[in-house]
Trainee: 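Below you will find the structure I want to go over with you.
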Amino acid sequence: MIDIINKEVNIRLDGYKAFAALGISHSSYQKVMQAENELSEIFHEIDSIEAANQAKVLAAFWQERIAQHHFAPTSGYGYNDLGRDALDRVFAHVFDCEDALVRPQFASGTHALYCVISGLLLPGDTLLSITSSPYDTVRQAIGISGNAEGTLIDFGIKYKQVDLTPEGKLDLPAILAALDSSVKVVYLQRSRGYSWRKALSVEDMCDAFSSIHKHAPDAYILVDNCYGEFTELYEPTHAGADVLAGSLIKNPGGGLAPTGGYIVGRQECIEKIANRFTAPGIGKEVGSYSDSYRPYFQGLFLAPHVTAQSLKTAALFSKMLEDFGLETLPLSTEKRCDIIQSVRFKNAESLIAFCRSIQKASPVDSYVSPEPWDMPGYDHQVIMAAGTFVHGASIELSADGPMSEPYTAYFQGALTLSHGRIACMMALDALTGHSESN
Ligand SMILES: *Cc1c(COP(=O)(O)O)cnc(C)c1O
């Protein structure tokens with residue numbers, strides 16, 4: 001008996017053993033553990049954000065008296081669907097706004113954003129983007145890239161944009177100058193998306209939003225909140241945004257939501273958007289779901305924690321890559337306002353090796369090796385790594401990068417830091433050429 005206990009103690013003391021079993025080298029193990037030690041203050045800060053956001057989410061559950069009956073499936077029109085309506089109200093409380101539209105039927109974040117824009121704008125109205133060009137798929141829906149038919153521009157909606165300053169900040173004088181009376185929606189993208197810039201903080205938004213509201217009281221401010229949820233103590237609604245939209249297979253789904261999108265904001269906005277989402281007159285009142293709503297509630301409940309795990313993983317990778325001599329954004333010690341970490345590799349081989357190590361570290365499809373491919377809508381080949389439970393979910397550890405200079409990889413997610421840490425060690429092994437020898 002004593003023998004067995006001693007053995008266990010030995011296993012616990014020799015932390016490397018478990019990692020060695022995965023083929024991780026001792027030097028990568030040591031470097032990543034050391035990097036993590038040096039990030040304790042950053043991790044502590046992330047913990048305190050998680051704590052506050054968890055409290056906010058729990059309070060919303062209490063307020064709506066969430067119970068088993070809210071998880072039940074519905075069918076047909078779904079009149080008085082208790083789960084659907086309660087989920088809306090819980091989201092509205094969490095984001096401190098009047099109303100919400102949270103639906104499994106949103107195919108993606110782009111679909112939710114498209115519903116917002118097309119619901120709030122009429123022909124002749126202008127959409128003003130104030131964070132340079134929007135995310136790829138949103139651009140196509142607007143009609144400023146690609147060759148899809150039936151875009152917003154085809155429907156007579158006008159588009160203008162103000163670029164971020166070279167420092168990646170909002171250019172307030174240029175924004176105010178662009179606010180003519182036709183501007184009905186001002187569009188801000190919180191996350192970096194796939195560009196080499198920092199995410200915007202809620203603090204960055206505060207001053208800008210109050211000036212915009214003053215200059216254009218009839219314009220709604222819409223924030224593409226993808227990847228930003230629960231990364232800070234506050235959400236863009238606290239800075240004066242009228243509507244936020246995002247994807248449920250990113251932060252607010254907590255890794256459990258199987259699909260869907262959300263929109264939260266002022267009641268008058270949600271009403272117009274719901275009319276676009278279903279049909280004018282029907283709005284939010286119909287829409288059933290024949291599977292359980294439980295993963296949406298449970299996912300939201302876990303979202304502050306899972307987001308924190310992703311933030312810690314991103315900081316750890318950033319530190320490891322900096323120590324390895326690469327350029328990262330944000331730096332490991334910088335404040336994070338989204339879960340994305342960008343890094344520039346010195347050549348295509350390193351980018352490929354990095355993405356392959358992420359795939360190899362995944363719980364699903366770990367045995368496949370990603371290849372660069374011609375992705376529709378991109379000028380260059382793209383390599384992607386995603387061994388996720390929910391297909392395409394980027395709250396789970398995933399990475400991708402266009403195969404062109406400066407060989408940037410964007411990666412994000414990790415349901416647990418324990419998994420992120422393993423991936424970080426494997427990535428370091430891959431970059432130092434250890435992986436094949438193991
Ligand atoms: C993910 C994302 C979207 C929406 O993308 P989907 O793949 O359609 O969910 C929009 N904007 C940003 C910044 C995003 O990260």
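In listed order, ligands and their atoms are each counted from 1. We're numbering straight along the sequence, starting at 1. Predicted model, so just to flag it, every value in this text is computed and none were measured.
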Trainee: Measure from NZ or CZ of Lys250 to the centre of the six-membered ring of Tyr135 and say whether it is under 6.0 Å with the direction within 45° of the ring axis.
Mentor: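 Positive - Lys250 is close enough to the ring of Tyr135 and near enough to its axis.
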
Trainee: Give the protein residues with at least one non-hydrogen atom closer than 4.0 Å to an atom of ligand 1, ordered by chain and number.
Mentor: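 For ligand 1, the residues that come within the 4.0 Å heavy-atom cutoff are Ser108, Gly109, Thr110, Leu113, Tyr135, Gln189, Asp224, Cys226, Tyr227, Ser247, Lys250.
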
Trainee: Ring pair (Phe, Tyr, Trp, His ring centres under 6.0 Å) between Phe95 and Tyr234: does it pass, once the steps are laid out?
Mentor: CA-CA 9 Å; Phe95 289 91; Tyr234 295 99; over 10 Å; no

Trainee: Mind checking what makes salt bridge (charged side-chain N to carboxylate O under 4.0 Å, His left out) contact with Arg294, not counting sequence neighbours?
Mentor: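 Residues passing salt bridge (charged side-chain N to carboxylate O under 4.0 Å, His left out) with Arg294: none at all.
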
Trainee: Salt bridge (Lys or Arg N to Asp or Glu O under 4.0 Å) with Glu232: which of Arg336, Arg190, Lys56?
Mentor: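 Of the listed residues Arg336, Arg190, Lys56, the salt bridge (Lys or Arg N to Asp or Glu O under 4.0 Å) partner of Glu232 is Arg190.
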
Trainee: Counting neighbours of CG on Asn347 that are heavy atoms of other residues, nucleotides or ligands and sit closer than 6.0 Å, is the number greater than 12?
Mentor: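 It does: Asn347 CG has more than 12 such atoms within range.
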
Trainee: Under 3.5 Å, is there a donor on one side chain and an acceptor on the other for Ser394 and Tyr227?
Mentor: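 The answer is yes; a qualifying pair exists.
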
